[in-house]
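Order of the sequence lines sets the chain letters (A, B, ...), proteins ahead of strands, with each chain counted from 1.
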Protein chains: 2
Amino acid sequence: MNMNEAIDLLKNKGYKTTGKRKDILTFFEQADGYRTAKDLIQHLESTYEGISFDTVYRNLHLYNELGILETTELNGEKHFRMKCTHHHHHHFICKDCGKTKEIDVCPMEEVTKRLANYDIEGHKFEIYGVCPACQTV
Amino acid sequence: MNMNEAIDLLKNKGYKTTGKRKDILTFFEQADGYRTAKDLIQHLESTYEGISFDTVYRNLHLYNELGILETTELNGEKHFRMKCTHHHHHHFICKDCGKTKEIDVCPMEEVTKRLANYDIEGHKFEIYGVCPACQTV
DNA sequence: TTTACAAATCGTAATCATTACGGTATTATA
DNA sequence: TATAATACCGTAATGATTACGATTTGTAAA
């Protein structure tokens, strides 16, 4: 998902494309990794002083519902990033900068075989650590 | 990890084995799956009316540090279960009853190869859904 | 078995992320 | 440009978790 696809999606669904909505998309497009609501608020404050929590969280939820953003929970805080739409994969997540690296390994085919009578609704596979750019040594 | 191992560990480390601590262990031993702090408080209330949040959370953290419990974050709430100490594996987690099923599949060997310059500190692989016992059909 | 003291607990307040809401402003489009 | 639906603001409420001074309790030495 990118900026233009997201804006088209908003328009097609009848949502208004406000300046704040565009700026939120730009923020995540440039982030290239996971960011929190707090990160976003801090970023938006420079342009929109006193922006409301309501606006931020409402739009994060909207984008999540529309499949513009994907989310994960780390350290008791929700993190968001632009949704990867091209093919199924997982992520290494850098705990310092939040940037992600695609991992094209998924063991679900094998796992599904072993859970014959289970109703599988989803799965999560994430690798945590420090990316090369953030290593101080 | 089981009740007796946990109590021995507490004693060896110089922690006191109070009635509440034992009851918390019993609760998780019988749970056979993930439970929240709220679940635990509700259970303890029947024996210890007005038990303090401090007591509950302090002991959950202690048990987590000592490797008696393991934890995961679901729906914005921390969930705890007795730690599996025998060998490395992952879990299917039933969203209705919290019970888990061991999954002896872990793709980390392959993943490690693909993250040569990355400092890997941990990973999470969980499968979510409904277990056979909770399926209403 | 008392005593002494560190550890554990209580009762409650504070914190942090998130959600909710009534009133106002803005956007899309007719 | 008028209109109505949508978005936003300012702020209060919620829910999980953390924190803290005062009090109680286990443990082990005397």
Worked verdict on B/T36 versus B/D39 for side-chain hydrogen bond (donor to acceptor under 3.5 Å, both in side chains): CA-CA 5 Å; B/T36 65; B/D39 293 334; 3.2 Å; yes
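- OP1 or OP2 of D/dC9 has at least one side-chain nitrogen or oxygen of A/K20 nearer than 4.0 Å.
- Residue A/N75 contributes atom CG, which lies 11 Å from atom P of C/dA17 at whole-angstrom precision.
- Remark: P of D/dA28 and NZ of B/K11 are 9 Å apart, rounded to the nearest angstrom.
- Taking every side-chain heavy atom of B/I51 into account, C/dC10 is the closest of C/dA17, C/dC10, D/dT11.
- One can place CZ of B/F80 at 13 Å from P of D/dA16, the figure rounded to the nearest angstrom.
- Checked for salt-bridge contact, A/K113 and A/E109 miss the test: no charged N lies under 4.0 Å from a carboxylate O.
- Atom OH in A/Y48 sits roughly 14 Å away from atom C1' in D/dC9 (whole-Å rounding).
- If you find the closest nucleotide of DNA chain C to B/D54 and to A/H61, the one lying nearer the 5' end belongs to B/D54.
- Rounded to whole Å, the distance from CG on B/L60 to P on D/dA19 is 15 Å.
- One N or O donor and one acceptor, one from the side chain of B/K16 and one from the base of C/dA6, sit under 3.5 Å apart.
- The ring pair (Phe, Tyr, Trp, His ring centres under 6.0 Å) analysis of residues 102-125 of chain B, with sequence neighbours excluded, yields the pairs A/F92-B/Y118, A/F125-B/F125, B/H88-B/H123, B/H90-B/H123, B/H90-B/F125.
- Nearest-nucleotide positions on DNA chain D for A/L62 and A/E49 put A/L62 closer to the 5' end.
- The only member of A/H79, A/E77, A/K124 that meets side-chain hydrogen bond (donor to acceptor under 3.5 Å, both in side chains) when paired with A/T72 is A/K124.
- A donor-acceptor contact under 3.5 Å is formed by the side chain of B/S52 with the base of C/dG11.
- When heavy atoms are screened at a 4.0 angstrom cut-off, A/G50 is found touching the sugar-phosphate backbone but no base atom.
- Atom NZ in B/K13 sits roughly 15 Å away from atom P in C/dA7 (whole-Å rounding).
- Comparing B/Y57 and B/T18 by the nucleotide of DNA chain D whose heavy atom lies nearest to each, the residue mapping closer to the 5' end is B/Y57.
- For the OP1/OP2 pair of D/dC8 and a distance below 4.0 Å, the side-chain nitrogens and oxygens of A/N59 include at least one atom meeting the criterion.
- Separating the NZ atom of B/K78 from the P atom of C/dT18 is a distance of 13 Å, rounded to the nearest angstrom.
- Dashed line: the shortest gap from a side-chain N or O of B/R58 to OP1 or OP2 of C/dT9 is under 4.0 Å.
- By the 6.0 Å contact criterion, CG on A/N12 is enclosed, its count of non-hydrogen atoms from other residues, nucleotides or ligands being greater than 12.
- At a threshold of 4.0 angstrom between heavy atoms, the contacts of B/Y15 are confined to the sugar-phosphate backbone, with no base atom among them.
- Residue A/F53 contributes atom CZ, which lies 18 Å from atom P of D/dG15 at whole-angstrom precision.
- When heavy atoms are screened at a 4.0 angstrom cut-off, A/R21 is found touching the sugar-phosphate backbone but no base atom.
- Around atom OH of A/Y48, more than 12 heavy atoms belonging to other residues, nucleotides or ligands sit under 6.0 Å away.
- Nucleic acid contact for B/T17: sugar-phosphate only, since backbone atoms but no base atoms lie under 4.0 Å from a heavy atom of the residue.
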